[in-house]
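What's counted below: heavy atoms across the whole structure, side chains too, no hydrogens, waters or symmetry copies.
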Amino acid sequence: MADTKREIERKYEATDATRLPDLSRVAGVGRVEKRGVTELDAVYYDTADLRLASHSLTLRRRTGGADEGWHLKFPVATGIRDELHEPLADTLPPSFAALLRSRLRHTEPAPVVRLLSSRDVQHLTDPDGALLAEVSVDTVCAERLAGEGTGTTATWTEIEVELADDGDPAFLDAVEKRLGKAGVRPSESPSKLARALAETAPVRKKKQEKRPRPDERQTAGDHVLTYVRKQIRTIVDLDPAVRRDLPDSVHRMRVATRRLRSAFKTYRRVLDREVTDPVGAELKWLAGELGVDRDQEVLDKRLGDRTEALPGTLVLGPVRGRLTVWSAARRTGSRRRITDVLDGKRYLALLDTLDALSADPPLRPAASRAPAKELPRAVLKDYKKLARRMDHALEHPPGPERDAAMHEARKAAKRARYAGDAARPALGKPAKRFAERVKAVQSVLGDHQDSVVAREALRTLAIEAHAAGETTFTWGLLYGHEEATADARERELPEVWARASDPVLRADLKH
């Protein structure tokens with residue numbers, strides 16, 4: 001795996017006449033050390049349609065400097081990026097190709113811009129000599145290597161202030177204040193690449209902005225497509241995060257697939273189901289693959305937390321060790337399995353299908369209707385399905401049949417909640433309140449279902465412990481705790497459902 005560094009930096013405009021102020025006067029700085037000038041030669045890669053740049057991704061091969069090699073940068077927040085580094089080579093490193101696969105698909109990246117930079121570096125250190133930040137004045141010459149504007153060049157000078165590893169971002173505020181007093185202003189470009197692309201692009205006449213006529217207001221189809229495209233982009237964006245095994249990335253990607261599949265079902269009057277149903281089936285497959293070990297992870301945490309909460313005197317026998325062994329035996333090598341899925345033809349074909357659907361959506365006649373007319377209808381249809389399942393669940397006495405009915409109600413609650421979320425931009429607060437109330441129902445049902453799964457696991461663990469000659473006292477105690485949790489959720493459910501099924505809540509959606 002490539003080396004990764006969290007890059008926190010700020011860029012500032014500079015001219016030939018710009019001179020850095022005395023930065024030794026910045027609070028916390030003990031010394032300013034001149035590190036000399038370094039010549040850097042970087043070639044930036046992208047597709048012909050600048051697909052990486054449109055996602056604020058940077059891929060380059062750079063010579064010169066202490067970190068020459070291949071660099072791949074992912075945006076984290078404004079002024080913050082994760083920079084991955086691989087050694088210098090003639091071809092794109094396989095690890096980078098994998099991280100970019102969801103965006104590049106079947107396209108090979110090619111050189112688009114070359115930047116020659118003369119970098120004059122200073123180090124700001126504290127009184128003990130520890131590095132606080134690196135300040136550089138970069139004189140840049142950019143050349144467009146492909147596409148419109150090929151051969152066009154641009155030059156500029158800029159100042160970069162990069163925070164030291166594990167440094168306090170507040171220090172950058174202090175440096176910026178000092179620079180501001182000297183007349184140095186923040187750059188309008190987020191990166192050198194963005195500036196190079198902008199300044200080497202052909203000059204075009206600005207088109208006069210056309211104001212939409214009243215009959216060109218957004219339709220129900222516009223709102224649904226905005227939501228659908230957001231989920232598609234989320235899946236693509238999270239692909240490299242899943243490959244890097246970043247926290248919660250698998251869960252978030254799985255949620256996006258479920259939201260997208262749910263939208264296809266909810267808004268069947270807007271999007272043709274003959275097109276979306278097969279896509280939904282593939283999304284269900286992907287969600288299942290992503291969830292293979294996610295479900296076990298959730299269960300492991302629940303049982304582990306329950307065990308840790310017990311007084312030591314009540315943990316009898318090798319409980320923690322058995323939990324660890326049991327969990328490892330049920331794991332399926334999640335990293336390898338998920339990577340194989342993301343590298344597979346089926347997944348890449350799904351991404352291509354989603355792109356095609358987004359570019360040429362299968363709209364039905366209802367898509368042209370006003371959002372306030374069409375969207376509430378779809379949301380309330382999902383609500384009615386939830387209401388039927390809730391009635392079915394609540395009419396059963398406690399036991400396996402109620403457990404199964406509550407699980408089905410949970411699925412319906414999730415879909416109704418997603419429907420409300422999708423309608424929020426068009427319907428506003430009524431859709432927000434609806435989604436929040438239904439989410440509360442989903443949470444109660446979810447905790448109940450988790451207790452059902454946990455009890456099944458605890459029973460299995462108790463049987464295994466008994467067969468090994470171990471005491472089953474602690475397993476029985478944990479089982480009792482889960483039973484009590486399920487009972488509490490069942491008692492809580494009617495009240496939570498009553499708030500979600502308030503007729504006023506549904507009436508507000510129609511207005």
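Side-chain contact between T58 and H71: absent, with no pair of heavy atoms (C-beta onward) separated by less than 4.5 Å. Between L260 and T234, the closest side-chain pair of non-hydrogen atoms is not below 4.5 Å. A 4.5 Å side-chain heavy-atom check between L363 and T219 finds every atom pair outside the cut-off. Using a 4.5 Å heavy-atom threshold, the side chains of R25 and K181 count as separate. Looking at heavy atoms from C-beta onward, V228 lies in side-chain contact with L271 at the 4.5 angstrom threshold.
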Stepwise salt bridge (charged side-chain N to carboxylate O under 4.0 Å, His left out) test for K5 and E162: CA-CA 12 Å; K5 176 186 177 183; E162 182 175 347; 3.0 Å; yes
CA sep, side-chain torsions, deciding dist, call: D22, R178, salt bridge (charged side-chain N to carboxylate O under 4.0 Å, His left out): CA-CA 9 Å; D22 182 4; R178 180 65 181 154; 5.6 Å; no
Test log, rule side chain to side chain contact (heavy atoms under 4.5 Å, CB included), inputs Y267 and T276: CA-CA 10 Å; Y267 297 104; T276 60; over 6 Å; no
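Checked for salt-bridge contact, D295 and R254 meet the test: a charged N lies under 4.0 Å from a carboxylate O. Between D343 and R101 there is a salt bridge, since at least one side-chain N of the basic residue sits less than 4.0 Å from a carboxylate O of the acidic one. A salt bridge does not link E68 to R62: none of the charged nitrogens lies less than 4.0 Å from a carboxylate oxygen. Salt-bridge check for D46 with R103: failed, with every basic side-chain N at 4.0 Å or more from each acidic carboxylate O.
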Scan the side chains in residues 429-442 for donor-acceptor partners under 3.5 Å anywhere in the protein, sequence neighbours excluded, and list what turns up.
{"from": "R437", "atom 1": "NH1", "to": "R499", "atom 2": "O", "distance (Å)": "2.7"}
{"from": "Q442", "atom 1": "OE1", "to": "R417", "atom 2": "NH1", "distance (Å)": "3.3"}

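Between the S54 side chain and the R51 main chain, a donor and an acceptor come within less than 3.5 Å of each other. Put simply, the side chain of D272 gets close to the backbone of E274: a donor and an acceptor are under 3.5 Å apart.
Crowding of R346 atom CZ: a count of heavy atoms from other residues, nucleotides or ligands under 6.0 Å exceeding 12.
Partner Y44 forms a side-chain contact (heavy atoms from CB on, under 4.5 Å) with one of L145, L52, L59, L115 and no other, that one being L115.
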